There are 2 protein chains.
Amino acid sequence: MHPAMADVRPEAILHALSDPVRAAIFARILRTGCVEACSAVSALGDRVIPKSSLSSHFKVLREAGLIRSERHGVEMRNHSRWDEVQARFPGLLPAIINAYAAESGTEAGTATGP
Amino acid sequence: MHPAMADVRPEAILHALSDPVRAAIFARILRTGCVEACSAVSALGDRVIPKSSLSSHFKVLREAGLIRSERHGVEMRNHSRWDEVQARFPGLLPAIINAYAAESGTEAGTATGP
DNA sequence: CCCATAGTTCGGAATTTCGGTACTAATGGT
DNA sequence: ACCATTAGTACCGAAATTCCGAACTATGGG
């Protein structure tokens, strides 16, 4: 379910984050520290994303090694594997997050941590 | 044909480089400074990539704002837009190139320039 | 002009993604 | 224990994307 960090491939990370919806989900996980899948729906701007799509987006992020998901009662807690990814591919995640932030004019300073 | 750098979107860059073949092409352009499409075929490891596929790979890289292509007689000279991309999304390209280098064990030091 | 070489375009097959419906898992109330 | 409710996943057909062979276009040399 969760790949070992040694098995994580850069192309999987790039592919996962090349989708704006997934990038937004990941950014949100970084900001809030922890997000359950369903509540992310309404919060992702105007677009309504069906549950099944959301579920597969989380799956892609999980299998790319970007997040870790664990059940907590009836809901799912997703948190980023920032430190692990950072150790394996230094600077990759900050650069990507900053690129998205620069694009959307979301003047968010320089990303350096989760 | 070549987008203005202001129109370049991070998702396009991530998508373009999330394909290992395109990433290899781009890395090769960075190393050699300049590459024509057809000769890249044989040089990209063992795999034989048809001309038509190569052509569309170059198109994706071009439209992502990563490379600039210009005819020089009968052949095509492709060179990277590294500095422009670097100005728009600082650190993004080095991080991606390093990630691929780290994965393939191609101990290539820290990427900092074209 | 004709040929050779370098790339693009086109079109159909294979693959991937999207999303609705049906299903499973866990919890709380009664 | 049972049912209702809520969270998420599995499955499957539709839509979109990618792949690549064949036909086409462009440029330069003889």
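What you see is a predicted model, and the numbers here were worked out from it, not measured in a lab. To find a chain, count down the sequence lines: A is the first, B the second, and so on, and within it residues start at 1. Side-chain atoms are counted along with the backbone in the values below, which use heavy atoms only and exclude waters and symmetry mates.
One can place CZ of A:Phe58 at 17 Å from C1' of C:dG19, the figure rounded to the nearest angstrom. Summarising the geometry, the separation between NZ on B:Lys59 and C1' on C:dC10 is reported as 11 Å, rounded to the nearest angstrom. The CD-C1' distance, from A:Glu70 to C:dA26, rounds to 16 Å in whole Å. Distance CZ (B:Arg71) to P (D:dT25): 14 Å, rounded to an integer number of Å. Rounded to a whole Å, the CG atom of B:Asp19 is 10 Å from the P atom of D:dC20. We find that CD1 of B:Ile49 is positioned 8 Å from P of D:dC20, with the value rounded to whole Å. Here the C1' atom of nucleotide D:dT18 and the CZ atom of B:Arg47 are 12 Å apart, to the nearest Å. Rounded to an integer number of Å, the gap from A:Ile67 CD1 to D:dG8 C1' is 13 Å.
Contacts of B:Asn78 with the nucleic acid, taken as non-hydrogen atoms under 4.0 Å apart, are absent. Using a 4.0 Å heavy-atom cutoff across all strands shown, B:His57 reaches sugar-phosphate atoms only and no base atom. Across all strands shown, A:His72 has no heavy atoms under 4.0 Å from either base or sugar-phosphate atoms. Looking at heavy-atom distances under 4.0 Å, B:Arg22 makes no contact with the nucleic acid at all.
The side chain of B:Glu75 approaches C:dA6 more closely than any other nucleotide in the set C:dT8, C:dG20, C:dA6. You'll find that the side chain of A:Lys51 is closest to D:dG8, out of D:dT6, D:dG8, C:dC18. Which of D:dG8, C:dG20, D:dT6 sits closest to the side chain of A:Met76 comes down to D:dG8. Picking from D:dT27, C:dA26, C:dT17 the nucleotide with the shortest atom distance to the side chain of A:His15 gives C:dT17. Between C:dG7, C:dT8, C:dC18, one nucleotide has an atom nearer to the side chain of B:Ser55 than all others, and that is C:dT8. Taking only side-chain atoms of B:Ser52, from C-beta outward, the nucleotide of D:dA10, C:dA25, D:dA22 with the closest atom is D:dA22. Of the candidates C:dG20, D:dG8, D:dA7, the closest approach to any side-chain atom of A:Pro50 belongs to C:dG20.
Note on A:Arg62: a side-chain N or O is less than 4.0 Å away from OP1 or OP2 of D:dT9.
Residues B:Leu93 and B:Leu30 form no side-chain contact, since every pair of their non-hydrogen atoms from C-beta on lies 4.5 Å or further apart. You'll find the side chain of A:Leu61 reaches within 4.5 Å of the side chain of A:Leu17, heavy atoms only.
Between the side chains of A:Arg22 and A:His57, at least one donor N or O sits under 3.5 Å from an acceptor N or O.
Distance CZ/A:Arg62 to NE2/A:His2: 6.0 Å, rounded to 0.5 Å. Taking OG1 of B:Thr32 as the start and CZ of B:Arg28 as the end, the distance is 6.0 Å to the nearest 0.5 Å.
Mapping B:Ser56 and A:Ser53 onto DNA chain C by nearest heavy atom places B:Ser56 at the nucleotide closer to the 5' end.
Ion pairing between a basic and an acidic side chain is recognised when a charged N comes within 4.0 Å of a carboxylate O; A:Glu75 and A:Arg77 show such pairing.
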